[in-house]
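Below is one structure, written out as structure tokens, with a few remarks after it.
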Amino acid sequence: MFALLLAVALIAAGVTIVSRRAFDELNREHSDALLAQFQKEFQRRGKDVVDRVKGIADAESTVRMAIDLSRTNADVSVYVNDANGVSRSHQLDVLDFVSNDGTIISSAESPARFNYKMAWVTKPEDWTARGAFLMKLDTEAGPTLTLLSVATVRVGDRDLYVVGGERLAKEFLASLVLPPNMRALLYLNLDPQFQETSLVDSSGPAPDANRFQPLVDSEISNPVPQAATIRWTIDPASAEVFHALPLLGRSKELLGVLFVGTSQRTVVTLERRIRWLALAVIAVGLLIGLMLSWWGAARVTRPVQQLAEGAHEVAQGNWSARVEVRGHDEISQLAKSFNQMTEQLVEQRERLVQAERVAAWREVARRLAHELKNPLFPLQTTVENLRKAREQNNGQFDEVFRESTGILITEIENLKAIVGRFSDFAKMPQPELGTVNLNEIVRNVVKLFEGQFSAVGRPAITPELHLEDDLPTIQADTTLLHRALENLVLNAMDAMPAGGVLMLRTQHTPTEVSLEVSDTGTGLTPEETERLFTPYYTTKQHGTGLGLAIVQAVIADHGGRISIESETGVGTSFHIELPMKPPHKPQTFPMVFEKKEDEA
């Protein structure tokens with residue numbers, strides 16, 4: 001009988017430990033997903049603010065204002081109310097027009113600050129590269145935390161600064177999608193001392209805000225992600241685990257703290273049920289005897305083992321893991337809760353993937369519309385000129401007709417070329433595999449461009465080949481790899497308008513052959529690197545935006561990977577890894593793109 005009691009006690013303890021670990025792991029996954037969602041939403045809003053402020057700066061009325069203010073003895077009072085109307089039309093909470101010496105010309109959020117100084121905006125700063133940033137801003141309603149962007153309109157040697165943004169408050173929290181048993185709070189660090197009213201949730205000021213003061217003080221002294229547990233009452237089920245994410249300003253000062261809280265009520269309740277279940281099993285065991293105790297232990301341990309295996313799969317990254325639910329007891333309820341939480345994780349991931357796909361297709365549509373719009377305008381103008389010449393019925397109609405038809409034919413050919421490029425990219429052929437020596441392809445491509453490397457009137461480009469002597473052959477399509485390498489070399493040449501060094505290196509591992517193509521050109525920003533492989537995205541005036549997309553498609557169809565390292569002003573390196581033997585059906589393998597962190 002003692003063995004029975006000990007076995008049941010051990011089972012209850014094991015179930016409690018496994019349940020706690022499983023829920024802790026799931027809570028961590030939920031918190032990480034919510035923090036990632038917050039960061040994506042924060043970045044999206046920041047980009048939206050940058051675009052709207054840039055749109056205001058590029059507007060004709062703003063340019064006219066800048067021109068007027070650049071004149072001697074310009075009357076700035078004419079524009080004192082402009083910011084109010086412009087901010088409403090562009091849906092901005094904050095908008096200031098600031099003159100070249102930092103004087104506020106017009107302010108939407110605080111009209112009384114007219115003629116005040118906003119000195120920080122005139123300090124040397126590349127506002128375009130800076131993008132959106134958090135800043136504490138004084139308004140008529142008091143200090144507020146704002147996501148700002150600055151755009152500059154330059155006329156002669158004078159600048160007009162456009163400062164605009166959105167407040168970061170409860171409305172931002174309301175836009176986040178929260179799983180059950182979780183909530184998000186935001187502390188606005190606008191005062192040197194802790195202020196309870198500065199802690200808000202999606203509905204307004206958060207209750208019992210004073211309980212967060214130790215966490216806020218800890219973040220102020222050391223602004224790094226932290227976690228802490230707050231027990232609201234003596235009941236353990238009232239506890240919440242809060243993950244704190246510091247929000248830093250332009251000078252790395254702490255301006256706010258995002259708190260993501262997870263309730264412990266579910267896990268504590270389940271632990272209590274498990275303990276009561278253990279006591280019930282002991283009582284039944286005492287009454288029924290040793291034979292039924294074995295059956296009861298087996299009945300408890302089997303779902304526990306399944307739950308432990310499911311938790312382990314989730315920890316390994318398999319968010320679609322499910323636990324078989326049998327019966328309607330407490331263990332089954334635990335399994336159901338486990339399944340519900342994993343389903344929520346999968347749904348959140350699918351929503352993020354769908355959002356990224358929609359953004360990618362929108363970019364393709366935007367680029368294609370831009371390409372098609374350029375030839376359509378001369379087509380329209382030419383037809384209108386033909387109509388006018390025909391209506392006037394003058395003797396120059398034949399000459400106008402010949403010139404117009406020539407323009408029409410040229411622009412129609414341009415349209416056909418644009419559609420043809422898009423069609424060619426959509427009909428990328430599948431690789432026809434054969435034995436290929438990657439070194440030979442590198443040499444042939446470099447030989448093809450030798451004339452352009454040292455062309456008269458162009459800065460010289462020096463090719464450097466570091467080819468591994470005993471590089472093994474691979475199974476690949478020579479034509480497609482040759483085409484991909486040509487695109488990379490052309491891309492490197494465009495990146496070095498002042499000349500430089502083009503380095504090509506080959507290496508191999510037991511399973512892969514690698515190729516590196518590096519240049520000493522202008523380099524890329526992190527934002528350009530992120531979007532570089534998007535079809536029809538280009539950083540060049542004459543580019544089609546398909547070259548690197550074709551390169552990625554070719555490498556992916558060979559079952560390989562391509563990644564990029566770039567640093568502005570230093571250069572760019574493309575790294576390609578190709579398997580010795582690609583899969584029999586390359587089309588079944590997804591395109592893989594990896595972005596490595598700069599090593600500089």
Side-chain angles (χ1 to χ4, degrees), residues 45-59 61-169 188-192 198 247-256:
R45 293 206 176 192
K47 184 179 182 302
D48 186 50
V49 167
V50 170
D51 292 341
R52 279 186 274 172
V53 173
K54 183 66 167 59
I56 294 173
D58 292 340
S61 59
T62 308
V63 175
R64 286 200 305 268
M65 181 193 302
I67 295 173
D68 188 21
L69 294 174
S70 66
R71 298 188 179 99
T72 305
N73 299 325
D75 185 9
V76 297
S77 63
V78 176
Y79 305 102
V80 68
N81 296 318
D82 282 19
N84 193 31
V86 175
S87 66
R88 286 199 302 269
S89 63
H90 287 78
Q91 297 180 347
L92 290 174
D93 300 323
V94 171
L95 182 64
D96 295 285
F97 292 107
V98 183
S99 67
N100 188 70
D101 61 354
T103 302
I104 297 177
I105 299 170
S106 180
S107 176
E109 74 282 359
S110 186
R113 296 177 67 205
F114 169 76
N115 222 23
Y116 278 49
K117 290 289 185 179
M118 189 179 284
W120 62 267
V121 79
T122 63
K123 294 181 179 180
E125 178 77 42
D126 186 356
W127 296 115
T128 301
R130 164 66 67 178
F133 57 92
L134 283 176
M135 187 170 184
K136 175 184 174 183
L137 199 65
D138 292 324
T139 66
E140 288 183 338
T144 181
L145 183 59
T146 309
L147 185 60
L148 286 180
S149 176
V150 179
T152 306
V153 182
R154 189 165 187 82
V155 176
D157 61 346
R158 300 176 67 85
D159 291 324
L160 174 66
Y161 299 96
V162 182
V163 182
E166 290 183 350
R167 292 188 179 94
L168 200 65
L188 308 177
N189 189 30
L190 306 176
D191 194 276
S198 296
L247 304 178
L248 305 181
R250 186 166 57 96
S251 303
K252 304 303 180 183
E253 72 277 19
L254 183 70
L255 296 179

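Quick caveat: nothing in here was measured; it's all calculated off a predicted structure.
Rounded to the nearest 0.5 Å, atoms OG (S149) and CH2 (W127) are 9.0 Å apart. Here the CZ atom belonging to R158 is positioned 8.0 Å from the CG atom belonging to L69, to the nearest 0.5 angstrom. Between the CE atom in M65 and the OG atom in S99 there is a gap of 11.5 Å [rounded to 0.5 Å]. Atom CD1 of residue I56 and atom NE2 of residue H90 lie 4.5 Å apart, to the nearest 0.5 angstrom. In this structure, OG1 in T144 is found 7.0 Å from CG in L188, a value given to the nearest 0.5 Å. Summarising the geometry, atom CG belonging to L168 is positioned 6.5 Å from atom CG belonging to L247; distances are rounded to the nearest 0.5 Å.
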L160 vs T152, side chain to side chain contact (heavy atoms under 4.5 Å, CB included): CA-CA, chis, key distance, verdict: CA-CA 6 Å; L160 174 66; T152 306; over 6 Å; no
T146 and M135: side chain to side chain contact (heavy atoms under 4.5 Å, CB included), yes or no, with the steps? CA-CA 5 Å; T146 309; M135 187 170 184; 5.7 Å; no
Let me see the working for E253 and K136 under side chain to side chain contact (heavy atoms under 4.5 Å, CB included), right down to the final yes or no. CA-CA 10 Å; E253 72 277 19; K136 175 184 174 183; over 6 Å; no
Could you walk me through whether F97 and V162 pass the side chain to side chain contact (heavy atoms under 4.5 Å, CB included) test, one step at a time? CA-CA 5 Å; F97 292 107; V162 182; 4.0 Å; yes
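Looking at Y161 and N100, their side chains never bring a donor and an acceptor atom within 3.5 Å of each other. Of the N and O atoms on the side chains of S106 and D82, not one donor lies less than 3.5 Å from an acceptor on the other residue.
A salt bridge links E125 and R250; the closest N-O separation between the charged side-chain nitrogens and carboxylate oxygens is under 4.0 Å. Ion pair R130/D126 not flagged as a salt bridge, since none of the NZ, NE, NH1 or NH2 atoms sits closer than 4.0 Å to an Asp/Glu carboxylate oxygen. Taking 4.0 Å as the cut-off between side-chain N and carboxylate O, D68 and R64 do not count as a salt-bridged pair.
Contact record, T103 with K117: OG1-NZ, 3.0 Å, taken as the closest heavy-atom pair. Of all heavy-atom pairs between P143 and L190, the closest is O-CD1, 3.3 Å. Of all heavy-atom pairs between M118 and V163, the closest is SD-CG2, 4.1 Å. Between A108 and S87, the shortest heavy-atom contact is CB-OG, 3.4 Å. Closest approach of V49 to L147, counting heavy atoms only: CG1-O, 3.8 Å. When all heavy atoms are compared, the tightest approach of I105 to V98 is CD1-C, 4.2 Å.
Each of V53, V121, V94, L92 was scored for a side chain to side chain contact (heavy atoms under 4.5 Å, CB included) with L148, with one residue passing: V94.
Within a 6.0 Å radius of OH in Y116, no more than 12 heavy atoms belonging to other residues, nucleotides or ligands are found.
Residues E166 and Q91 are not in side-chain contact: their nearest non-hydrogen atoms beyond the backbone lie 4.5 Å or more apart.
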